[in-house]
2 protein chains.
Amino acid sequence: MQKQVTIHDIAKLVNASAATVSRVLSNSSYPVSQELSEKIKLAAKQLNYTPNMLGRQLKTRNSMTIGVIIPSISNPFYADIVLGIEEVARKYDHQVFLCNSHQNPQLETEYLQNLLEKQVKGLIISSISNQQDLLGDYLAKGMRVISIDQAIDIPDIYQIGFDYRKGGYIACKHLIDNGHRKIAFLSAPLDRPSRRGVFQGYQEALQEAGIEPESSWLQIHQFVKGERLGSAVEFTNGRMLARNIIHMADRPTAIITCNDLTAIGAMNELMTYGVKVPDEISVIGFDNIEISQMVTPLLTTIDHPKYEMGQMACSMLMDVLQGIPVHVKEQILQPRLIDRSSVKKRVDF
Amino acid sequence: MQKQVTIHDIAKLVNASAATVSRVLSNSSYPVSQELSEKIKLAAKQLNYTPNMLGRQLKTRNSMTIGVIIPSISNPFYADIVLGIEEVARKYDHQVFLCNSHQNPQLETEYLQNLLEKQVKGLIISSISNQQDLLGDYLAKGMRVISIDQAIDIPDIYQIGFDYRKGGYIACKHLIDNGHRKIAFLSAPLDRPSRRGVFQGYQEALQEAGIEPESSWLQIHQFVKGERLGSAVEFTNGRMLARNIIHMADRPTAIITCNDLTAIGAMNELMTYGVKVPDEISVIGFDNIEISQMVTPLLTTIDHPKYEMGQMACSMLMDVLQGIPVHVKEQILQPRLIDRSSVKKRVDF
DNA sequence: ATGAAAGCGCTAACAA
DNA sequence: TTGTTAGCGCTTTCAT
């Protein structure tokens, strides 16, 4: 392992000062004569010079790094968001520290602390636990944060949101428009604003159509505390909840779920028990993850622009970090129905 | 935004020197009197001190950060690996820079360069393009690298491998043991050692059973250059290749695929065309990603210990970085048959 | 247009 | 046990 080459080595080689070398190698706008500049660049190449960003960062107080805290990358929903974030981060020459919180407050705290110590000035969080005060603390220390998909009640936080309520409404309306009246709602616990939003939209659509929901239509699984995360949990949840539906005397003809994985689990269970989808029961998912196009029947669902949200969040963060005035502190993206094959169509259309 | 608190501020407050403060706050083994130590810790808390790791890193030449380069986090296979890596990295107080290369050599180079500049000393790569010389260069600059799942012909690189050949063999053998003789192989291009390994195992099992493969059994899709990555590509690939099988005069009774997504696509296409799985055609996948338990029928597949590989790779890296002698430069993990429902069982068992 | 010098926050060799 | 001092590699006033 060879010793690191520094700007001083280059300076010595071309008989210039470190300052000048720094100026040309860091693309400073400071004037340096053409000739010397060329010589320095050449020398840098010859010596196989690699700048040490730690030095620069310490001096400029800019770590060129952002942090991203999400529940788990194993959930394709978040994977997409991260991909969007990374794409624009790269354009701005920033790296991203990935932090999978597994919904564990202690881990979240740990990560937050690490990011702070590493002088990360920008953070994107998606569904963080109750860390309001902690975040407030970090904001005070100069960290800029963008929240995706979760309204946080701190004035300094920028937000990229999604209209879950409307999504739930559109989903339910789609079912109603196709002749369904008995519509069940299957979900993981309504402990997150997003799920509550979907539920609300569902209720509103029912109400608008003059439908009085039966309490049995509402199937919410109470997760066991400490349960491991991952796609499989949601899927299994969908199966379990669907089973409750199957054996009902007066069973619903349609199902709305809080996400695609739950929907796919439900479809699976229905089919296992010989209940045909969509002929006997229609299913509509939520999020439009890639897998929804890989099941039979193709899952009708509500599109959630995950990748775009990631991109937007990161652009916003970059603007904020650069001190560019960001006028809208909150952007709400819109849902869109993806009409595929898991919902039975009204014949008289 | 308040000014940063440094060890000097603390030193001043307790009438000690910065050196002493550093010693207690960095958990150095250097002796400091109990009393003073307490006072310093208290002061740190009072001032709400956050250490600036850039300073430490610059001094100690240890960035406490590792890089991970994978094709794409949107592939659940890699997501699992990353999760495993992150878990042990966290235990060692390291952060991970996530780099999705999208199989783009230019991006890979860019990331490699950035990591180097940020003084990242440890790198884990999974399926990187032809960057042998570039990597050699980086090794020379002191970077330690662990390669997952891809043999790289550079002596200084540690490897965590997987016995793909044996996996292919086990899969094919399983089919043969259940009475199949006409077995197709569906795959993405055989440009990666992993896929070639599976293919080889498949061939060996056939040969061992005295089966002469028809050329039509071999269905390899040639990806179009620049095609976007993502689960959907593999899935679609599986569909397309399965279609070729369906219409054959003397068609195979079983299919082996290079990964689960391809298998799921194939099953999908078969079912769409009314071909029953496993009754008419059996399908066996590879990798055992979570989705394989979410399809109907449940996919029989070969387990690939992704998460564990991530963990092992990271432990190994941590050992290497700490100068702990690592005796085995190469570890090969073993495949395991996951016997589910997509393969028709021989009745006379 | 170039250079000298100071310093970002921290650690570590050396001195006391 | 504690402090002094000298950097780590870089940028950036301030002189020249």
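Residue numbers begin at 1 in each chain, while the letters A, B, ... track the order of the sequences.
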Got a list of side-chain donor-acceptor pairs under 3.5 Å for residues 150-159 of chain B, not counting sequence neighbours?
unit_1, atom_1, unit_2, atom_2, d
B:Q150, OE1, B:I128, N, 3.0
B:Q150, NE2, B:I128, O, 3.0
B:Q159, OE1, B:I152, N, 3.3
B:Q159, NE2, B:I152, O, 2.9

C:dA4 P sits how many Å from A:K12 NZ, rounded? 13 Å
Once you round it to whole Å, what is the distance between P of D:dC8 and CD of A:Q4? 11 Å
What's the CD-C1' distance between A:E117 and C:dG9, to the nearest Å? 13 Å
What distance do A:C99 atom SG and B:R90 atom CZ have between them, rounded to the nearest 0.5 Å? 10.0 Å
note: B:I7, atom CD1; D:dT5, atom C1'; distance rounded to Å ~ 13 Å
For B:L54, answer base if it contacts any base atom (sugar-phosphate contacts may also be present), sugar-phosphate if it contacts only those atoms, and nothing otherwise; contact means non-hydrogen atoms under 4.0 Å. nothing
If the cut-off is 4.0 Å, is B:R56 near the phosphate of C:dT11, judged by side-chain N/O to OP1 or OP2? yes
Carefully, step by step, assess B:Q119 and B:Q57 under the rule side-chain hydrogen bond (donor to acceptor under 3.5 Å, both in side chains). CA-CA 9 Å; B:Q119 307 306 112; B:Q57 288 166 19; over 6 Å; no
Could you report the tightest heavy-atom contact between B:T65 and B:V120, atom names first, then the distance? O-CG1, 3.4 Å
side-chain N/O A:Y49 vs D:dG9 OP1/OP2, d < 4.0 Å: no
To check you understand the geometry: which heavy-atom pair defines the closest contact between A:S315 and A:V88, and what is its length? N-CG2, 3.7 Å
Go through residues 20-33 of chain B and report each residue with a non-hydrogen atom lying under 4.0 Å from DNA chain D, sorted by number. B:T20, B:R23, B:Y30, B:P31, B:V32, B:S33
Rounded to the nearest angstrom, tell me the gap between atom NZ in A:K121 and atom C1' in C:dC8. 11 Å
A:K59 side chain, from C-beta outward: closest of C:dG9, C:dG3, D:dC10: D:dC10
Without decimals, in angstroms, what is the distance between A:Q57 CD and D:dT11 P? 11 Å
Verdict with reasoning, A:K121 to A:S63, per side-chain hydrogen bond (donor to acceptor under 3.5 Å, both in side chains): CA-CA 7 Å; A:K121 296 298 194 305; A:S63 67; 5.8 Å; no
Under 4.0 Å from OP1 or OP2 of C:dG9: is there any side-chain N or O of A:R61 that close? yes
Just how far, in rounded Å, is C1' of C:dG3 from CG of A:L36? 11 Å
side-chain contact (heavy atoms from CB on, under 4.5 Å) partner of B:F97, chosen from B:L115, B:V68, B:I69: B:L115
Rounded off to whole Å, could you give me the NE2-to-P distance for the B:H8 and C:dA6 pair? 16 Å
Touch class at under 4.0 angstrom, heavy-atom based, for A:N62 against every strand present: nothing
Is B:T6 close enough to C:dG9 that one of its side-chain N or O atoms is under 4.0 Å from OP1 or OP2 there? no
Do A:I124 and A:V145 have side-chain heavy atoms sitting under 4.5 Å apart? no
Testing D:dG9, C:dA4, C:dC10 for proximity to the side chain of B:L58, the answer is D:dG9
Assuming nearest nucleotide by heavy-atom distance, tell me which of A:M53 and B:A18 is located more 5' along DNA chain D. B:A18
Just compare D:dG3, C:dG3, D:dT11 and give me whichever is closest to any side-chain atom of B:A19. D:dG3
